[in-house]
Amino acid sequence: MNNPAHHDEDEEEQGDVFLDESDIVQEITVDDEDLPDVEGEDNDAESVEEADDSMHIFTGHTGELYTVACSPMDARLVATGGGDDKGFIWKIFDGDWAFELGGHKDSVTSLDFSTDGQLLASGSFDGLVKIWDASSGDLKCTLEGPGGGIEWVRWHPRGHLVLAGSEDCTVWMWNADRSTYLNMFSGHANKVTCGNFTPDGKTICTGSDDATLRIWNPRSGENIHVVRGHPYHNDGLTCLAITSDSTLALTGSKDSSVHIVNITTGKVVSSLTSHTDSIECIGLSLSSPWAATGGMDNKLIVWDLQHSSPRCTCDNEDGVTCLSWLGNSKYIAAGCVDGKVRIWDSLSGDCVRTFSGHSDVIQSIGVSADKNFLVSCSLDGTARVFEIPEFQ
């Protein structure tokens with residue numbers, strides 16, 4: 001074996017020293033996992049990513065989750081739907097209790113509990129709406145008609161009438177108690193991406209990928225107003241919210257703008273234009289004349305509707321896909337592309353809590369009837385429950 005001191009002398013005399021194959025005395029195979037971590041590698045970040053703040057995880061699905069709904073009456077009752085063509089009704093704190101909502105032949109894209117909490121509607125890309133007994137999980141009826149996938153389902157505020165928008169440009173209304181077709185609303189030129197009854201139940205508003213808002217009479221099926229062209233949206237609508245007095249509709253679009261429309265006149269009364277990318281969600285405060293909008297520009301913006309001006313801009317780490325005001329409080333929950341749910345104070349614009357646990361995009365969030373729990377569903381295939389009693 002060579003003496004190291006001898007090499008030092010040679011090195012001084014000869015300069016650089018080169019090794020050839022004859023100098024190799026032993027080869028050792030090293031597994032990459034056995035190597036020490038490189039100094040400066042952000043291992044702390046990885047451990048933070050793996051943190052899970054949820055107190056309940058529902059793992060009954062076998063694919064991506066797209067929609068979640070919380071019962072308006074039972075604070076523990078939740079419904080979820082996803083890409084495994086199934087829905088489930090399950091209970092917070094009860095991991096063994098669940099009803100599978102089977103029978104759909106494509107992704108379950110939308111769920112909504114009736115106002116009295118008795119029924120649950122599920123809409124699927126198979127073009128069917130199914131009505132379930134929320135307490136037993138029994139199928140009450142299957143409603144047919146649309147020639148394309150269901151984009152959304154909504155209940156009448158004071159009865160068991162259900163409304164659904166379809167990929168085939170139409171909107172359908174049924175009586176769920178009698179399993180009967182009531183009306184079909186035709187006129188949009190592209191898929192109907194959002195819609196709802198007004199809170200007084202007297203009017204229907206629908207938004208489409210054709211960049212229009214249509215206002216309908218539910219009884220006659222008459223198209224009362226079509227809102228389109230300047231100064232309205234120039235790209236497809238993505239989301240819609242209606243004020244509690246049934247006078248104004250707020251619509252968001254892929255064109256990054258939000259417009260406020262007078263439902264009675266069909267006129268654009270104001271435009272909210274601080275976002276720079278597609279608007280994904282709109283929510284109205286129950287306690288103030290404020291709205292919140294979330295977009296793919298990573299921003300959640302709180303607006304003063306009386307002045308059509310932004311109160312504050314909340315910068316998220318990634319795009320905002322869904323939001324919900326937390327009851328009558330000043331707090332807003334935002335579900336994000338990075339798998340986080342962030343709670344924002346609408347007065348200060350501060351992020352007061354970040355909930356971790358999901359590993360993929362948050363698609364939908366819901367708040368329990370007692371406002372103690374926030375439920376999120378994600379493309380990671382899970383629904384997670386977070387405790388939020390301090391945000392009331």
Side-chain angles (χ1 to χ4, degrees), residues 67-70 72 110 112 115 151-157 163 165 171 192-209 211-216 225 227 232-233 236-264 266-275 278-296 299-311 314 320-335 344 346 364-367:
T67 181
V68 62
C70 294
S110 183
D112 196 35
T115 310
E151 292 279 325
W152 50 270
V153 289
R154 293 289 183 272
W155 289 94
H156 190 278
L163 192 69
V171 179
V192 187
T193 52
C194 51
N196 209 344
F197 293 99
T198 52
D200 63 12
K202 296 177 180 178
T203 309
I204 291 169
C205 298
T206 60
S208 167
D209 222 20
T212 72
L213 173 73
R214 287 179 180 260
I215 299 167
W216 312 84
H225 298 295
V227 187
Y232 200 55
H233 299 293
L237 276 66
T238 55
C239 49
L240 174 151
I242 301 171
T243 55
S244 59
D245 61 5
S246 301
T247 61
L248 301 174
L250 282 73
T251 56
S253 164
K254 292 187 283 190
D255 67 8
S256 80
S257 69
V258 177
H259 294 291
I260 304 175
V261 175
N262 182 305
I263 292 172
T264 303
K267 301 295 184 185
V268 176
V269 295
S270 188
S271 299
L272 313 177
T273 54
S274 290
H275 283 283
S278 176
I279 309 295
E280 297 297 311
C281 45
I282 299 177
L284 296 170
S285 168
L286 297 177
S287 56
S288 310
W290 298 349
T293 55
M296 295 309 291
K299 296 185 187 305
L300 175 80
I301 300 180
V302 180
W303 304 87
D304 179 341
L305 295 181
Q306 291 178 328
H307 301 93
S308 298
S309 60
R311 278 190 50 83
C314 309
V320 179
T321 58
C322 48
L323 68 83
S324 179
W325 288 82
L326 302 183
N328 293 309
S329 77
K330 63 180 178 178
Y331 298 106
I332 307 164
W344 295 91
S346 64
S364 177
I365 57 176
V367 179

Are the side chains of [X] and [Y] in touch, meaning some heavy atoms are under 4.5 Å apart?
| X | Y | value |
| --- | --- | --- |
| Val171 | Leu163 | yes |
| Lys254 | Asp209 | yes |
| Trp303 | Thr293 | yes |
| Leu213 | Leu240 | yes |
| Val268 | Val261 | yes |
| Glu280 | Val320 | no |
| Glu151 | Val192 | no |

Just verifying a value: how many Å separate [X] [atom1] and [Y] [atom2], rounded to the nearest 0.5 Å?
| X | Y | atom1 | atom2 | value |
| --- | --- | --- | --- | --- |
| Leu272 | Ser308 | CG | OG | 5.5 Å |
| Thr264 | Leu248 | OG1 | CG | 8.5 Å |
| Thr251 | Ile242 | OG1 | CD1 | 10.5 Å |

_Candidate pair Cys239 and Ile279, rule side-chain contact (heavy atoms from CB on, under 4.5 Å), full reasoning_ = CA-CA 8 Å; Cys239 49; Ile279 309 295; 3.9 Å; yes
Looking only at heavy atoms, which two atoms of [X] and [Y] are closest? And how far apart?
| X | Y | answer |
| --- | --- | --- |
| Pro72 | Thr115 | CG-O, 3.6 Å |
| Ala241 | Ile282 | CB-CG2, 3.7 Å |
| His225 | Ile263 | CD2-O, 3.5 Å |
| Gly294 | Leu323 | N-CD2, 3.7 Å |
| Ile215 | Gly266 | CD1-CA, 4.4 Å |
| Ser285 | Ser287 | OG-N, 3.1 Å |

Between [X] and [Y] (side chain of the first, backbone of the second, donor and acceptor by atom type, cut-off under 3.5 Å), is there such a pair?
| X | Y | answer |
| --- | --- | --- |
| Trp344 | Ile301 | no |
| Ser110 | Val153 | yes |
| Thr193 | Leu237 | yes |
| Thr206 | Gly195 | no |
| Ser346 | Lys330 | yes |
| Trp325 | Leu286 | no |
| Ser270 | Ile260 | no |
| Ser257 | Thr273 | no |
| Ser364 | Val68 | yes |
| Ser288 | Trp290 | no |

*How far apart are the C-alpha atoms of Leu305 and Leu250, what are their side-chain angles, what is the distance that settles it, and do they pass the side-chain contact (heavy atoms from CB on, under 4.5 Å) test?*
CA-CA 10 Å; Leu305 295 181; Leu250 282 73; 3.9 Å; yes
*Could you check whether the rings of Phe197 and His156 sit parallel, tilted or perpendicular, using 30° and 60° as the cut-offs?*
perpendicular
*Given the rule in the side-chain contact (heavy atoms from CB on, under 4.5 Å) test, do Leu284 and Ser244 qualify, once you have shown the distances and angles that lead to the verdict?*
CA-CA 9 Å; Leu284 296 170; Ser244 59; over 6 Å; no
*asked:* Between Cys70 and Val367, is the side-chain contact (heavy atoms from CB on, under 4.5 Å) condition met? List the steps.
replied: CA-CA 6 Å; Cys70 294; Val367 179; 5.7 Å; no
_Side chains of Ser253 and Tyr232 only: does a donor on one sit below 3.5 Å from an acceptor on the other?_
no
